[in-house]
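Written out below as structure tokens is the structure these notes cover.
Here is how names work: the chains are called A, B, and so on, in the same order as the sequence lines, proteins then strands, and each is numbered from 1. Remember, predicted model here, so these are calculated numbers, not experimental data.
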Protein chains: 2
Amino acid sequence: MADINNSAKNSAGQAALSPDGGAEGAPGAAKAPVWDIIELLFFAYRDFVGDPDEVLAKYAFGRAHHRVLHFVNRNPGMKVADLLDILNITKQSLGRVLKQLVDQGFVEQKEGEQDRRQRLLYVTAKGEALSLKLALLQTERIERAFGQLGPGSHDTARRFLTAMIDDDNREGVLRLMARADRVKRG
Amino acid sequence: MADINNSAKNSAGQAALSPDGGAEGAPGAAKAPVWDIIELLFFAYRDFVGDPDEVLAKYAFGRAHHRVLHFVNRNPGMKVADLLDILNITKQSLGRVLKQLVDQGFVEQKEGEQDRRQRLLYVTAKGEALSLKLALLQTERIERAFGQLGPGSHDTARRFLTAMIDDDNREGVLRLMARADRVKRG
DNA sequence: CAAAATATGTCAACATGGCTGACATAAATA
DNA sequence: TATTTATGTCAGCCATGTTGACATATTTTG
């Protein structure tokens with residue numbers, strides 16, 4: 001709120017602060033918020049998750065259904081407990097949307113072979129189709145962005161987003177993604 | 001569930017798909033979803049917005065309050081209608097959280113000078129302090145990420161996130177951010 | 001000036017998707 | 001056999017979104 005030596009700003013109307021302008025010497029002591037990234041994350045994510053909404057609405061589904069469908073599609077045969085860990089919600093919350101997905105034939109539950117207490121989750125053909133449809137919508141936006149940026153932007157974005165994940169969680173997330181990738185493409 | 005010719009994966013446990021491996025020739029025809037970015041956005045954003053939660057809980061506030069407080073702090077004197085546009089919610093929804101923020105002395109409303117129907121929004125000192133506290137929490141995560149990536153990562157992240165915003169909205173968002181920057185920094 | 005449009009607020013009712021707590025069942029494990 | 005585990009379910013609460021209707025003050029317009 002004071003106002004000294006600045007007013008210079010780059011193309012995005014921000015920065016020139018953390019990259020060098022701002023004090024960054026003291027380790028661990030964040031002085032000025034990185035407002036631009038904070039706000040851009042808000043707007044980017046808002047538009048990103050907004051894409052599938054109209055499609056979901058046609059089935060009377062919401063974002064909660066989308067998340068469940070997505071992870072079951074990506075990790076066929078996963079346990080209910082695994083899904084709870086990923087989504088970070090209670091089994092009661094999950095139960096509600098999962099039941100709807102099962103009742104309407106988007107997700108199937110099969111008894112575990114080794115452990116018959118488990119209800120392993122699979123998408124049906126219908127479920128996979130919907131999951132794919134939604135993912136392709138989001139992919140359009142992502143690839144449009146990559147198109148505007150240079151080559152290597154995919155890798156850069158991946159590295160940035162990966163670094164934004166909790167240190168505690170990062171390994172687990174990467175393992176999950178690697179496994180999903182193996183299963184779906186194997 | 002079969003398992004053929006792969007298992008090679010890069011450091012992030014994914015990729016080798018869109019960057020080159022996958023078909024990308026047909027313009028406009030997205031064939032394969034960019035699963036990695038889709039999932040990483042989910043996890044990164046989840047952790048990112050999760051940071052402020054415990055602090056907010058001490059005031060019995062939620063993420064809705066956080067969003068309002070943030071934008072009012074960044075755009076002092078903004079109209080209620082502007083805030084509604086940004087947040088994309090109804091005035092009834094906004095009214096609820098805004099009232100709490102006003103009642104508890106985090107936000108003030110002042111009559112517009114030219115147009116006395118307007119209730120221009122300002123954070124109080126208390127509100128600014130809280131907004132800053134929350135932003136610094138998120139900044140820690142962001143700068144930790146920038147630290148893990150090379151120099152120039154701030155700029156790269158900004159460009160990526162900017163490109164992810166709706167074409168229709170991008171200009172408006174950038175204008176808003178530029179204006180906020182001007183106002184807050186003098 | 002009177003009429004219409006605008007900015008905001010408010011009441012009431014409802015939906016979604018989180019949550020806690022308690023309890024039930026079947027199957028695995030000690 | 002006793003306990004633990006994986007899952008499901010009932011009941012109710014909370015936060016935050018929605019729609020629709022209506023009120024009030026103020027500005028703008030015909």
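- Using a 4.0 Å cut-off between charged nitrogen and carboxylate oxygen, R141(B) and D166(A) count as a salt-bridge pair.
- In this structure, Q100(B) reaches neither bases nor backbone, as no heavy-atom distance under 4.0 Å exists between it and the strands shown.
- Within 6.0 Å of NZ in K126(A) there are more than 12 heavy atoms belonging to other residues, nucleotides or ligands.
- Within 6.0 Å of CD on E54(B) lie no more than 12 heavy atoms contributed by other residues, nucleotides or ligands.
- Nucleotides of DNA chain C with any atom under 4.0 Å from a heavy atom of chain B span, from 5' to 3', dT6(C) to dC11(C).
- Within the structure, every side-chain polar atom (N or O) of H65(B) is placed at least 4.0 Å from both OP1 and OP2 of dA15(D).
- Spacing between atom CG of D53(B) and atom P of dC14(D) amounts to 19 Å, rounded to whole angstrom units.
- Protein atom CD of E113(B) is 12 Å distant from nucleotide atom P of dT27(D), rounded to whole Å.
- Look at CG on D115(B): it is 12 Å from P on dT29(D), rounded to the nearest Å.
- Near-neighbour residues of DNA chain C inside residues 86-96 of chain A, defined by a heavy atom below 4.0 Å, number-ordered: N88(A), I89(A), T90(A), Q92(A), S93(A), R96(A).
- Whole-Å rounding puts the L98(B) CG to dA15(D) P distance at 17 Å.
- Relative orientation of the Y45(A) and F48(A) rings is tilted, given thresholds of 30° and 60° on the angle between their planes.
- Proximity of a side-chain donor or acceptor of R158(A) to a complementary backbone N or O of I37(B) within less than 3.5 Å is not detected.
- With hydrogens and angles left out, the side chain of R117(A) and the base of dT5(D) share a donor-acceptor pair within 3.5 Å.
- Within 6.0 Å of the CD atom in E111(B), the count of heavy atoms belonging to other residues, nucleotides or ligands exceeds 12.
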